[in-house]
Number of protein chains: 2
Amino acid sequence: MKYHALFALVLASSTVLLAASPSPAQAADDAVSAVDPRIGTGGAGHTFPGATVPFGMVQLSPDTTMTDFKHSYAWAAGYQYGDPTIMGFSHTHFSGAGHSDLGDVLVMPISGDVRLDPGDASVPGSGYRSRFRHVTEVEHPGYYAVTLDDYDVRAELTASRRVGWHRYTFPRDKPAHLLLDLRPSIYDYPGKVSWARLHVGADGTVSGCRMTRGWAPGRVLCFAIRFSQPMTARTLYNRETNVPYKGFRGPGNQPADHDAQNGRALEAVFDFGKPVAPVMVKASISPVSEANAIDNLDREGKGWDFDAQRTKAQAAWKSALSVIDVQGTADQRTQLYTALYHTMLAPTLSMDANGDYRGPDYEVHKARGFDFYSTWSMWDVYRAQQPLLALLRPDLSTEFVRSLVASAQNSPFGLLPVWSYQGLETWCMIAYHAVPVIADAYLAGVRGFDADAALKTMVRSATYGPYGDLADYMKIGYVPIDKEAEGASKTLEYAYDDWALSRMARAMGRTDIADEFERRSHNWRNVWDPKSGFMRARQTDGQFHMPFNPAAAAYGSDYTEGNAWQYSWYVPQDIPGLIAAMGGQAQFTGKIDALFDAKVDPAIFRNVEDISGLIGWYAHGNEPDHHVAYLYDYAGAPWKTQQRLTQIMQTQYATSPDGLAGNDDLGQMSAWYIFTALGFYPVTPAGGEYAIGRPFLPRAVVHLGNKHDFTVIAEHLDAEHPYVGSVTLNGQPLEKPFLSRKSVLAGGELRFVMQAQPNTTKAFQ
Amino acid sequence: MKYHALFALVLASSTVLLAASPSPAQAADDAVSAVDPRIGTGGAGHTFPGATVPFGMVQLSPDTTMTDFKHSYAWAAGYQYGDPTIMGFSHTHFSGAGHSDLGDVLVMPISGDVRLDPGDASVPGSGYRSRFRHVTEVEHPGYYAVTLDDYDVRAELTASRRVGWHRYTFPRDKPAHLLLDLRPSIYDYPGKVSWARLHVGADGTVSGCRMTRGWAPGRVLCFAIRFSQPMTARTLYNRETNVPYKGFRGPGNQPADHDAQNGRALEAVFDFGKPVAPVMVKASISPVSEANAIDNLDREGKGWDFDAQRTKAQAAWKSALSVIDVQGTADQRTQLYTALYHTMLAPTLSMDANGDYRGPDYEVHKARGFDFYSTWSMWDVYRAQQPLLALLRPDLSTEFVRSLVASAQNSPFGLLPVWSYQGLETWCMIAYHAVPVIADAYLAGVRGFDADAALKTMVRSATYGPYGDLADYMKIGYVPIDKEAEGASKTLEYAYDDWALSRMARAMGRTDIADEFERRSHNWRNVWDPKSGFMRARQTDGQFHMPFNPAAAAYGSDYTEGNAWQYSWYVPQDIPGLIAAMGGQAQFTGKIDALFDAKVDPAIFRNVEDISGLIGWYAHGNEPDHHVAYLYDYAGAPWKTQQRLTQIMQTQYATSPDGLAGNDDLGQMSAWYIFTALGFYPVTPAGGEYAIGRPFLPRAVVHLGNKHDFTVIAEHLDAEHPYVGSVTLNGQPLEKPFLSRKSVLAGGELRFVMQAQPNTTKAFQ
């Protein structure tokens, strides 16, 4: 540990840093190689191991299981580390979602005999799926490889923004095939594919679309595929067995299968003889049309140099990950850079090369002057992932905000995204958390969007009566549980979003709007029950909902993926008010202690699979309590924050495939990790300050998007020194455990001195 | 009769004609009022009674039944004259199709209580459908009205090209509603609607799309609707009861129903209080997108003057029907002008106001410099409907040919339309009869299209091996029945199409192509069986298919919707060759006599519902024999042609709702009527001459598209004078019963002198 302290001292000035540390390019290379995409691919992390570029439209990744959606929670990213077989490589995946979809355009290389069904995941050899061994896997940002043992095929994947690149090395002694299956889907069910079409053009380009009634219903995804060598034969199948309406006289008049097919169960097998060279595939996708997919492939998919594409993808990650330079142990660096990698997998580009995108009205729009991004898990990412990116990548935040505003303008309801992807809305989760995302970005200085237009969509989202019973909320100050499920959570989160809205409106000089929404932000008090000491759902008649059990959790209950214990802390906009309501600092910290220290049987949450990562009632695997460990700071007990963070970091994150305690949730779990490792956290997004926790890295330099560097140094940091002794900002001691965003944005140095015992006497009092 | 002869004499020169006859405008008005759209709405005619403009995209018409496609043959146009109830007014219908689809965007006015299901067609009062009485109906070209008795609502419909216009007069004492049902469809079945969406915009515009897996699978139709007065309330329903995948938590978060819905069973009710004025509706459609539907409505649906729109629609028909001026009895004029009306209901415009259209690749294309038309029942319309329009409307033929060529260029197979609508292909029926349509137009002097590009698509369509086993046809000269159903019919029709192709290629100086396809045109001989005296299916091994029964007919048998008796005449490109094969003129005419005079139990065809209108084996209700009555001409017995035409016209056409002996087939039955009534018929489309029959009108002036007038006069015409005594063309007697197309196109006068007895001695010998 001495080394670290010394190192930090020596490198304290950035001049010295540049002279003594590895060159930035090398550091970034190191960052790329530090990432381990396997983290989160086991357990409940729901990340995918495959190839993608930062915020890319294509996520080309192996799928081990696509099963009935009722049983497929564990396979939300198509891949579970414990599975023995791979059924193919598909082009779209969410990273860490709690509910799911996608798995589009599944390609499987096959040598020898072709089977047309994937077979049973638990019975290797029962279909076209193949056994594989982890020892053959290579996972790097932008690159994935595996050997498919049943076929003796080496499969390698890389990606550009809209194109997935495959290289398959087949054995020389067997006929090589590529199977394209447009039937399976992540979170599958019979009838999910509403329609599909498939066409082999005169030049050998395979293109098509499929429409699914999935999470975002009525979703269309189109694609275009080219092969590095001409196919020797092909067969296009429509595997649907019970087609009630075949046209007039059925097959016979219809041109044979090998040029085009339409239907609900399409599949194709492309033959390549016994190729002496690897067969390469490039496949573009488009949320708009087959023509656009072909155009995307034309523009972005030039040439057949797989290795060059891999290098490009790696370069994109090198550049993206270079925003933070970290020192630490190999595990620390792996955790930090993997977390950073995971924060850059959403939102994803959802726009064709020609600027076309599909909006929540299902219509095609043109993005003029910006890139349209989608994949918005708002309930998660507003907390830390988007605030992190607003610091690191304000250039992208501009695109994100413009995308959000455009989406609202295209929405049939005029609403900002809630949980949307490929431009379409699922309505998953609650509240209007695009509001704090935009407000946080604006207040962090992100510009380049029409703030007035943005504010208009924010107000619309916060005042649209039919959404989540906002009508009653606006009338009586809370969401009555007799009219709307999860009324307690909704009231709390609406009130916070209102506060974020008021902050931005005030900064824009729109006092009228600011005042109105600041008033609304007090509504959290309407669900506070001083008698029980919990936030509770209230009925239209004003009574609290009975019976009341603070331990009870269920989908559609009084709370959203949580119980009273977990939700009663949700007043990020008025923590002093909450402390007062709870009876003062002592009672407040005592109650947080009780939250963490409770003896809880995890089985109580078996019906709410998202609640995981339990420490007492505290559930780090889900989002509602992500700010709670930091709340001690506000009650004069920062050492308790430090202690809880140590506890959480030690128990909830690891470098193994099951190293995430719950769904990564499109980078929110990872963003929590990054902020926490750096020593501070945005408890109140769209607020002006961070709560200080404790650092977990000896040294980190954050290269802010505004070109300033913000350096965090932790002296004496090791396992025996988990508490903060003192903190200085640019040499000035901090008296309170808070750090203004302004000071971070200005660049500078935050220096912790760590110690063995909690500091209950100095500073931070 | 004296009057007619005198009249014809006096008016022989067109100068005199203009002076003495009613003004052309008046005559056209008369033509419009002579049309009776009820003809064909009963029995097997399958025409619709509603409002449309010539070749318009919208066919707004009442639907009496939309039922399971297995039972819905009689309701191919949505309406059967004998039905007691109307379930609503939908915006798309085929005119006279034998198989069907459509019935999109069904609107039903309701006063009082709303029921959400149409109910049982045989049980009035069981749902939202309403009783009606024919006495309340008004049917005119471009206008339809009816009183819905259950609701006391007067419903009036008119149309422009892309917009349906409705005017509903509600009773004053009950709440008025308009129900929009996106579930039912003509030729319906459970699961036919793959997806739909529905949205009410801020300005009250209702828009949406639905996708159906119907005859042309995967068809998308979008729409936009505006009301003449603001709705007072609205409810949008998704009526699907078993939705397996509702999104994460189902209803609650999702904004309430009244702004937008997505799903497979959408319905909406719009309320209008107790309106003092009629509620008007204008609804546009688009085969491309909701945005395009709105654009179509913006551009074409201005204002709320229903009567002005009705006048415009009528003016469009006046102009369209003015191509022929007819004299005759009221019934004769009604039959002729109704037939002419029916020839102008297909193909239909299938292009948005901005030029977008959907092609057979399901992608969106831009029509540059032409209007894209679809609804092509090629097997039917190449015979007489398209040849008629090439004479009357070469301006439209240019658009049609450009549409056909564009469609082939967009086709995933590179093929010309077979049976397509809204740009999409159904593959219904056989052969590549777009080839003779294009060749006939070209040889009739239609220009304005790229003939080289057209020829290329024609050759492609005639040489694409996988289509209807063209591969074997090209190799062995016939379609072997052991490999492909209906091999006898396919061989015959391919050979004719080949001949048409060769004719156009030769006219273009492409001798290479012309020679090749002329050779192919002899292939009819490969299915001629001199032993049995019938055309027969042959096996790959050269043997005729056994067992053989010249009476047998079945879908997918040796013949297409026919038997050996009906198909053995199909050599329009080499009738002398056929006569010789059949043993000479006497045997040939004897065999035609046997065809007509056979005693046939219609029940033999109960499994092939399209075979109707029987006279012996001759089936006028279907197309394969449409040229046969004229074949006597080629065997030196024109009086027999005349006699059979009298027989057919008297028994197969009438002015009653069941006045068509079979499906009008997109105007083919009607075009046969028009040519026959004028006294000549294109036995060999793309050939240079017409066969002369006998006229059925005392006088008709055909205003050709090339600005020439061709006048047909029949002296002494009446029921007692059904035979042609002599014919002169511009005063010169015709020695043979044929008329060159050149002489028709040059304009002039064809004068028949009719007599009581067959003329077996003079001229025409």
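Quantities reported herein were computed from a predicted structural model and do not represent experimental measurements.
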Inset, instruction - Could you pull out all residues at least two apart from A:Ser407 that satisfy side-chain contact (heavy atoms from CB on, under 4.5 Å)? - result: A:Pro360, A:Phe372, A:Pro417
Inset, instruction - Among the options B:His199, B:Glu363, B:His365, pick out the one with the most heavy-atom pairs lying under 4.5 Å from chain A. - result: B:Glu363
Legend entry - Aromatic ring proximity, centroids under 6.0 angstrom, B:Trp379 and B:Tyr432: no
Legend entry - Partner chain B: residue of A:Ala291, A:Gly465, A:Cys209 with the largest heavy-atom pair count (under 4.5 Å): A:Ala291
Inset, instruction - For each of A:Glu425, A:Arg264, A:Met211, tally heavy-atom pairs with chain B at distances under 4.5 Å, and name the one with the top tally. - result: A:Arg264
Inset, instruction - Quick one: list whatever passes side chain to side chain donor-acceptor pair (under 3.5 Å) with A:Tyr559, sequence neighbours left out. - result: none
Legend entry - Heavy-atom pair count under 4.5 Å with chain A, highest-scoring of B:Ser411, B:Cys222, B:Pro412: B:Pro412
Inset, instruction - Run the salt-bridge test on B:Lys192 and B:Asp101 with the 4.0 Å N-O cut-off and return the result as yes or no. - result: yes
